[in-house]
Protein chains: 2
Amino acid sequence: MVTGQRGRPRSFDRDAALDKAMLAFWERGYEATSIADLTASLGISAPSLYAAFGDKRKLFDEVVVVYGGRYADFASVALAEEPTAGAAVARILREAAEVYTDPAHPRGCMVISAAINTTSEEVAQALRERRNANLEMFESRIRADMATGALPAETDARALARYAGAVLQGMSQQSRDGASREELEAVAERALLAWPKA
Amino acid sequence: MVTGQRGRPRSFDRDAALDKAMLAFWERGYEATSIADLTASLGISAPSLYAAFGDKRKLFDEVVVVYGGRYADFASVALAEEPTAGAAVARILREAAEVYTDPAHPRGCMVISAAINTTSEEVAQALRERRNANLEMFESRIRADMATGALPAETDARALARYAGAVLQGMSQQSRDGASREELEAVAERALLAWPKA
DNA sequence: CAGATTCCCTAGCGACCGCTATAGAATCTC
DNA sequence: GAGATTCTATAGCGGTCGCTAGGGAATCTG
């Protein structure tokens, strides 16, 4: 006996709705995106949204997971695939210039911009921890290079990781302030000139 | 005949209240700072606030002016005083590391962080224009250096200005994410290594 | 088909938002 | 002193916030 779904089936595509919610949160941020905005964007009513996703906070948490897998993994992929931290950061900055200005979705990085100035400290903290986790990914990759000699042994790994993170965050802001892909690519190339030589 | 003030005099210091409002907006941003927050911080009731400052938006506009004069002028001062754009940017990044982490006030730059993700597009636009005006200040100073030969004639002035702005914005974000003054100073020194040689 | 189940939407809850009508308190001019 | 003026706070306006009760609609099982 196959346990088929009982009762009336959901009349909308949950994954498609999640995508629309992601675009809304990405564009306007967590707090400025109201439930009314979301129900309008997703084309469903509030009770359907709550039945499918729990509440606004849980919906946002799901959105962050989807976003991370689709638009933020390029960083950890580059860190894993490239032979050195420097090559990985170079690839990440160049890809960021492209992703942050892709007209297919809102500008910049959602993890960076969606929970600035929110009254919900929990949400702000969740994204802050994600950003700091990315910094630590950078840092440990830099330390690995220091061990192999790809970076000088006296490198300040934490400071170098912060530098990469700061450039990324700055590029995200610049993209939302109107910078073009070409301008961001020039920023990336400029920033890479400061990377320490082996 | 001196036209003395008629009627009951104001019972609070308007400038001191403006300072307190600045700290509140700086800490939490424009939208997340409610009138109730402000009346609590300033120690006055809502009608007194409205009588003295007009409305929330006008109060914020005044706050931005005060903030600009007290915490953001260091950039234009450096651009005017230092002999080259490079020297000015070096001074600005180093001073930013200090100002952004000064325990006497909230972290980071209010112009950068106070109107991200606001439903009031007017306020967001006002600060965005301020940021872009700063970029243009950088750019024209860079062009001046190109004219005197302090920078190569083929320098991409706009891209270089964007780079300086991106690093500043990134440092502001990093400071709000917990970076120490020393870490930001290291980021500044790292960033300066990418500045073009004459 | 009947009955159970699960979805859908309308309507509206209490809380907070920015803002203000109103009236009393304090200080001026005369 | 009287009266005009301008401050003060209480109390509350209409609107939006996140969220949900309640009842009808659609699809399941048997």
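Side-chain atoms are counted along with the backbone in the values below, which use heavy atoms only and exclude waters and symmetry mates. In what follows, chains are A, B, ... by sequence order, proteins preceding strands, each numbered from 1.
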Problem set entry | Lys/Arg N to Asp/Glu carboxylate O, Arg181(B) vs Glu185(B), below 4.0 Å | yes
Exercise. Touch check for Ser11(A), heavy atoms < 4.0 angstrom, all strands: base, sugar-phosphate only, or nothing?
Worked result: sugar-phosphate
Exercise. Which is true for Thr33(A) with a 4.0 Å heavy-atom rule: it touches a base, it touches only sugar-phosphate, or it touches nothing?
Worked result: sugar-phosphate
State which of [options] makes the closest approach to the side chain of [X].
| X | options | value |
| --- | --- | --- |
| Ala36(B) | dC19(D), dC17(C), dA4(D) | dC17(C) |
| Lys56(A) | dC7(D), dC7(C), dC19(D) | dC19(D) |
| Ala46(A) | dT20(D), dC8(C), dG18(C) | dT20(D) |
| Ser45(B) | dA9(D), dT29(C), dT20(D) | dA9(D) |
| Pro47(B) | dT10(C), dC19(D), dT10(D) | dT10(D) |
| Arg8(B) | dC19(D), dA4(D), dT8(D) | dT8(D) |

For this session: Using the six-membered ring wherever Trp is involved, compare the ring planes of His105(B) and Trp26(B) and label them parallel, tilted or perpendicular (cut-offs 30° and 60°).
Result: parallel
For this session: Over 60° means perpendicular and under 30° means parallel, so classify the ring planes of Phe25(A) and Phe60(A), tilted if in between.
Result: perpendicular
Exercise. So does Ser34(A) get a side-chain nitrogen or oxygen closer than 4.0 Å to the phosphate oxygens (OP1/OP2) of dC17(D)?
Worked result: yes
Exercise. Where each residue is assigned the nucleotide of DNA chain D containing its nearest heavy atom, which of Arg57(A) and Gly7(A) is assigned the position nearer the 5′ end?
Worked result: Arg57(A)
Problem set entry | Over-ring placement of Lys56(A) relative to Tyr30(A), 6.0 Å and 45° cut-offs | yes
Exercise. What is the distance from CZ of Phe12(A) to P of dC7(C), rounded to the nearest Å?
Worked result: 9 Å
